[in-house]
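To keep things clear, I will list the structure first and then write my remarks on it.
So you know, we letter chains A, B, ... as the sequences are listed, proteins then strands, and number each from 1. For clarity, every value in this text was computed on a predicted model and none was experimentally measured.
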Amino acid sequence: MTEMPSVRVEGASFSYPGGKAGVFDITIDIAPGELVVCIGPSGCGKTTLLKLITGLLPCSAGRVWLGGEDVTTASVRSRQCGIVFQSYALFPHMSVWENVAYPLRVRAVDRTERRRQAEAMLDTVGLRGYSERLPAALSGGQQQRVALARALVFKPRTLLLDEPLSALDAATRISMRDEIRRIQKQQNIASLLITHDRDEALSLADRVAVLRDGRLVQIAPPQELYDRPADAFVASFIGRTNLIDGRVVAPDAVDTAIGRIVTPAHAMPMGAAVRLLVRPERIEPSSTETGENVFAATVVHDRFFGASREIELSVGQGMLKIDTTVRGTIAHVHLPRQAVQFLPTH
Amino acid sequence: MLSLIWLLLALFVAFPLLMLGIRAATDNGTFDLMPAINALRQTNTLRAFLNSLLLATLVGVLGTALGFLFAFTVARARVGRLMAWLLDTATLLPLISPPFTTSIAFVFSFGPRGFITHGVLGWENAQVYGLRSTLVAEALTYFPLAYMALRPMLTAIGGNLEEMAFSLGSSRWRAFRTVTLKLTVPGLANAFLLLFAASLADFATPLILAGNDLPVLPTEAYLQITGMFDLKGGAVLSLLLLVPALLVFLLQRRLVARRSYVTLGGKGVRASAGDSVTPKLRWVLVIGCMLVVLFIFYLYGLLAYASAVRAFGANGTPTLANYRVVFTQGMPAIRDTLIIAAIAMPLGGLYGVLVGSLVGRVRGGQALELVSMINYALPGTVVGIGYLVAFNTPPFLMTGTAAIIIACYIFRYSPSGIRTTIALLAQIDRSIEEASTSLGAGTATTFRRVMLPLVLPAFFAGLSVVFIRSMTAISATIFLVSIHWTLITVRILENMTELSLGPAAAFSIFVIVVVLVVTKGLELLLRQLSGRSAQLMMVERE
């Protein structure tokens, strides 16, 4: 490796006193300019991980590097992390520009210079002309931009965002998502964003890290994560799923509750218990009544969303979920062989 | 820093109480409860105890009723600007006046040469002293506490709930009874306890108005010590006072901690005063309030008049003689009081903000808060005698110094600063501090640039309360003054006992004016300092 990653977390652990909660043995590298999104159910340790990087919590084991420097025992202020807090944590008694200039002020940058740099950064986040306002006079999205400008203005080694979009309404959230991505790429800074929203994770990230019970389950680019989830937890956390348990009956077939499913060739022993994953959007309504992986189905529940439908079907002895744009009645479904994949059983 | 504060609390809160207990339970250095028990056996002691409880209960009921009347009128009766101003002023005046003000005015109004009793009704030898006047004077002095506790509550309950009750088919009276009154019960209980404690601790009013037939604990303890030089007897009496006071304090804390049903001071649901009172009832409420307001103004007017005439009730010639007395003979007291206030004020303000910021952030914060409230919760008589006993001998010999009075003020009157700080900090997101640190600021910078400006209003609130009390307190400091350091309030008391009522009135007016000017000045200064954020806007999540 020629270049040290901007952020390197190696085997980091921390447990809260008295509980099982915490994070355990987490290793993540974030390259300059890369945006890693950390996702997981609440209480999985996402924010703890972020606090370990910032130094707001001490590692009980493992190390943290920022820009090639070991900062495991360094103080919060010397680590130079730009943080955007969930609540933004803007200083309510300072104007917008004073908020942004605060990190420069504590670094003894002189007034005209810090004003210039703050204004430039406000320009970058699209807040030209708001300098003199107080935070309370801004909308949620604007406060978010101020927080972002403040976190970036002092050229931090990394940008850390703790659920930055969760306090915004749906429309603002989507536009801010694009803004964060644009600014992060423009600043070319190694960034970690925490969220529990899978759309946010998939659409924003260069790579997504999935956490569960304080452990890193999988870290991969969004597409890979979606198409090749490490296990059933990742598969269902990151998207809608059909998880079908069955038993191997042939080198390319599995018997399940919905019937015999033909799969891509595999090397499982005969009789092995397996779990299959089929994404609902990969299953097609079928116009023919017979064929490979074509099953008779009865509609149990039909939700219409305009562009698409989410349908639950009773198939054989089991159930299937499908997402489709097809209108009309559905009596048969087709599972393309390539849409079927094996998940490890635990 | 934390250990320093605990040390101070140990010295100025726990130590005096401990010494008070020891003083009451020992005789010539040996443990002996007999003198204490003998003191308790005296019928006078029992009478004083029962009188104190009776008076406190009555004041609690009457004051809460007055407070509710005012609060309900403001919250529901759609009062105009002038009316609102009158109500605010009438409830502010008693809070900033020296403790004798109402009593002196009562004497001017209902005494043997009183304006009403003698001047209007022509009675000779009218009897002003006794339970009735003490009760009314105390209720008028302390009902603003009930008003301030109940008003935000009634506003928060709002007309919406009542309208809901109407829409469900309830009558006005029924809605009031089943919704508004029910929801206000914790607030009423709280107000009652506040007034009960205030009356229990009140020293000045009974001293002037109670007369011989109504001995109460604070005055008895004072007379025991200053009249009979019986420090032990005073200590025993003050401990007797301590019991109900602590009980009420703990009860009130539990009540407030339960947080009642309504969240106070939330998003001020603009009370759609709407239909909750009929026009007829509205008039009843407004007239009721106006009568009380006018009576209060009448008392203060009387006081001002008495301060500006040669001899109230006998010689109505306008004169400045009384004020001349204030600024000549009274000058040492004025100077001492102002010096002490000027020192106690910044120290008390700082102490309040410090303790307030520590409470939520350190282990044992709850205990810290509780202990820091004790001197405030206890009647001044108990604190004063405790200080007298504790700091009379080495190693902490402070009797006769200004320091003992200043310490008394700081630890007794900073709790408002502490509470305001806690309340302010509770609104500030915890991550604000983390944000400052992560942006590169050290602890000191974070405190100076971020936390201090945010708690500035609490600091100023602390300053003004300490100042007001430094100018007006007497119940504790009466035991701590000396020939070197005396106080305006003590001068007023001396004037009263010498029956020089004119100078006493002039002194009272002088104190009220100084307090008004200084608190207004502090308010302006705060606005100047915090500039745009005078009303401290918070960043809101959306």
Which answer fits A:Arg105, side chain, backbone, both or neither, if we ask what part of it has an atom under 4.5 Å from a heavy atom of chain B?
-> side chain
Provide the closest heavy-atom pair for A:Tyr102 versus B:Thr446 in the form atom of the first, atom of the second, distance.
-> OH-CA, 4.1 Å
For chain B, find which of A:Thr54, A:Val84, A:Val106, A:Leu104 contributes the most heavy-atom pairs closer than 4.5 angstrom.
-> A:Val106
Give a yes or no on whether the backbone of B:Arg449 and the side-chain of A:His93 come within a donor-acceptor separation of less than 3.5 Å.
-> yes
Taking every heavy atom of B:Ala435 against every heavy atom of A:Arg150, the minimum-distance pair comes out as CB-NH2, 3.6 Å
When rounded to the nearest 0.5 Å, the distance separating CD of B:Glu433 from CG of A:Leu56 is 11.0 Å
To the nearest 0.5 Å, how far apart are CZ in A:Phe85 and OG in B:Ser438?
-> 4.5 Å
Contact summary for B:Ile432 and A:Phe91, nearest pair of heavy atoms = O-CE2, 3.7 Å
Okay, side chain of A:Arg107, backbone of B:Leu439: is any donor-acceptor separation there less than 3.5 Å?
-> yes
May I ask you to check whether over 12 heavy atoms, not counting those of B:Lys520, lie within 6.0 Å of atom NZ?
-> no
